[in-house]
Amino acid sequence: MKSPLLTLPGAVPAEGVDEGVAAHYGDLFREQRALADGTGFVDLSHRGVVTVSGPERLAWLHLLLTQHVSDLPPHRATEALILSANGHIEHALYLVDDGETVWVHVEPGTQEALIAYLESMKFFYRVEVADRTDDIAVVHLPAGSIAEAPEGVAVRETPYGRDLFLPRADLEAYAEKAGPAAGLLAHEALRVEQHRPRLGFETDHRTIPHELGWIGTAVHLQKGCYRGQETVARVQNLGKPPRRLVFLHLDGSEVHLPPAGTEIRVADDGAEGRRIGFVTTSVRHHELGPVALALVKRNVPVDARLLAGETAAAQETVVEP
């Protein structure tokens, strides 16, 4: 779905899974600094939006999600995962309950598969699941923003800012009031700085929550059964995850960023050394320079100098080995 804000001056469309919104509006670093200062907004209208209503919505979702939501107070933001039977991450949900309806936004294009799964699990629960992507747009206001949310709009307030579930028909009018617009690349740069994983970027078909630091923020360890819980409990209590998320400071003299999927090796082993991980997201940050998130084998020493392709990289620990 193509955002009307792509007609704003300087808008350059994003590509891939983020197609449909602006990658930037002509000045990536200015847009990052604006968000870091708590001004402007980010158009996330390409994300999927799902609602769950009905008197048993929270009790029902509690049975399916990794997060404890049965007693979720109105207007308190949280995030949750849906796992496979083997504990691998299938969906990441960013949600809030407004007292009558649970509002969820998810990665672009994943809402249909999520809804299909939720519908298959309804049984006799009094819940209604709806795809609201066509009529609701997600808009992100950065932490510290004093922009007001329109009356009646569901809001997810987190330490990183506020997500508004805005009627799509009101998107252009709201953008005129909430500006300046910042593109998705600026939003991604701050996400990487904050070490926050993203489904489909930091995850692959075998990722488990422990590898990305999602235990605690999206996975509650003292709640009842859900699909994949056995794997979560076993790794938490008896073992360690096979991989761990790291933050990389990349060599700033390189012209090109190592793209997602770039193989990582220990620098002392050289370019022909054993592959020990891969880049998941790489960005240019307005203060830190070129940085990235990556998944590496758990036993890689935390002080090891790395190579991302041919680019030298120093690691910071995100998930403890």
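The ring-ring contact (aromatic ring centres under 6.0 Å, His included) test applied to H46 returns no partner, not counting sequence neighbours. E119 pairs by the salt bridge (charged side-chain N to carboxylate O under 4.0 Å, His left out) definition with K122, not counting sequence neighbours. Taking H88 as the reference, nothing meets the ring-ring contact (aromatic ring centres under 6.0 Å, His included) condition, with sequence neighbours excluded. Partners of E230 by salt bridge (charged side-chain N to carboxylate O under 4.0 Å, His left out), not counting sequence neighbours, listed by chain and number: R234. Every residue was checked against the ring-ring contact (aromatic ring centres under 6.0 Å, His included) condition with H286, not counting sequence neighbours, and none meets it. For H285, the side-chain hydrogen bond (donor to acceptor under 3.5 Å, both in side chains) partners at least two apart in sequence or on another chain are E193. For L221, the side-chain contact (heavy atoms from CB on, under 4.5 Å) partners are I215, V219, V232, Q236, not counting sequence neighbours. With sequence neighbours excluded, the residues that form a salt bridge (charged side-chain N to carboxylate O under 4.0 Å, His left out) with R47 are E107. Annotation: side-chain hydrogen bond (donor to acceptor under 3.5 Å, both in side chains) contacts of T231 (sequence neighbours excluded): none. With sequence neighbours left out, Y226 forms a ring-ring contact (aromatic ring centres under 6.0 Å, His included) with no residue at all. Take T66 and apply the side-chain hydrogen bond (donor to acceptor under 3.5 Å, both in side chains) test, not counting sequence neighbours, and it matches no residue.
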> Could you walk me through whether E90 and R227 pass the salt bridge (charged side-chain N to carboxylate O under 4.0 Å, His left out) check?
Replying inline: CA-CA 11 Å; E90 292 190 345; R227 190 173 70 175; 2.8 Å; yes
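L35 and V291 are members of different hydrophobic clusters when ILVMFWY side chains are connected at heavy-atom separations under 4.5 Å. At a threshold of 4.5 Å between side-chain heavy atoms, the hydrophobic network of Ile, Leu, Val, Met, Phe, Trp and Tyr places Y94 and V42 in two separate groups. The hydrophobic clustering, which links ILVMFWY residues whose side-chain heavy atoms are closer than 4.5 Å, places V129 and F123 together. V21 and F201 fall into different hydrophobic clusters, where Ile, Leu, Val, Met, Phe, Trp and Tyr residues are linked whenever their side-chain heavy atoms come under 4.5 Å apart, directly or through other members. Tracing side-chain contacts under 4.5 Å through hydrophobic residues (I, L, V, M, F, W, Y), one never reaches V318 starting from V300; they form parts of separate clusters.
Exactly one of D163, L164, V138 qualifies for a side chain to side chain contact (heavy atoms under 4.5 Å, CB included) with R156. That residue is D163.
Looking at R305 and D268, a side-chain N of the basic residue comes within less than 4.0 Å of a carboxylate O on the acidic one, giving a salt bridge.
Across all their heavy atoms, S282 and L257 have their closest contact at OG-CB, 3.7 Å. Contact between S45 and A137 at its shortest, heavy atoms only, is CB-CB, 3.6 Å.
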Distance-only donor-acceptor pairs under 3.5 Å for side chains of residues 182-190, two or more places apart:
{"residue": "E188", "atom": "OE1", "partner": "R191", "partner atom": "NE", "Å": "3.4"}
{"residue": "E188", "atom": "OE1", "partner": "R191", "partner atom": "NH2", "Å": "2.9"}
{"residue": "E188", "atom": "OE2", "partner": "R191", "partner atom": "NE", "Å": "2.8"}
{"residue": "E188", "atom": "OE2", "partner": "R198", "partner atom": "NH1", "Å": "3.4"}

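Atom-to-atom distance recorded for T51:OG1 and L95:CG is 12.0 Å, nearest 0.5 angstrom.
The backbone N or O of R30 lies less than 3.5 Å from no partner atom in the side chain of Q32, so there is not a single donor-acceptor pair.
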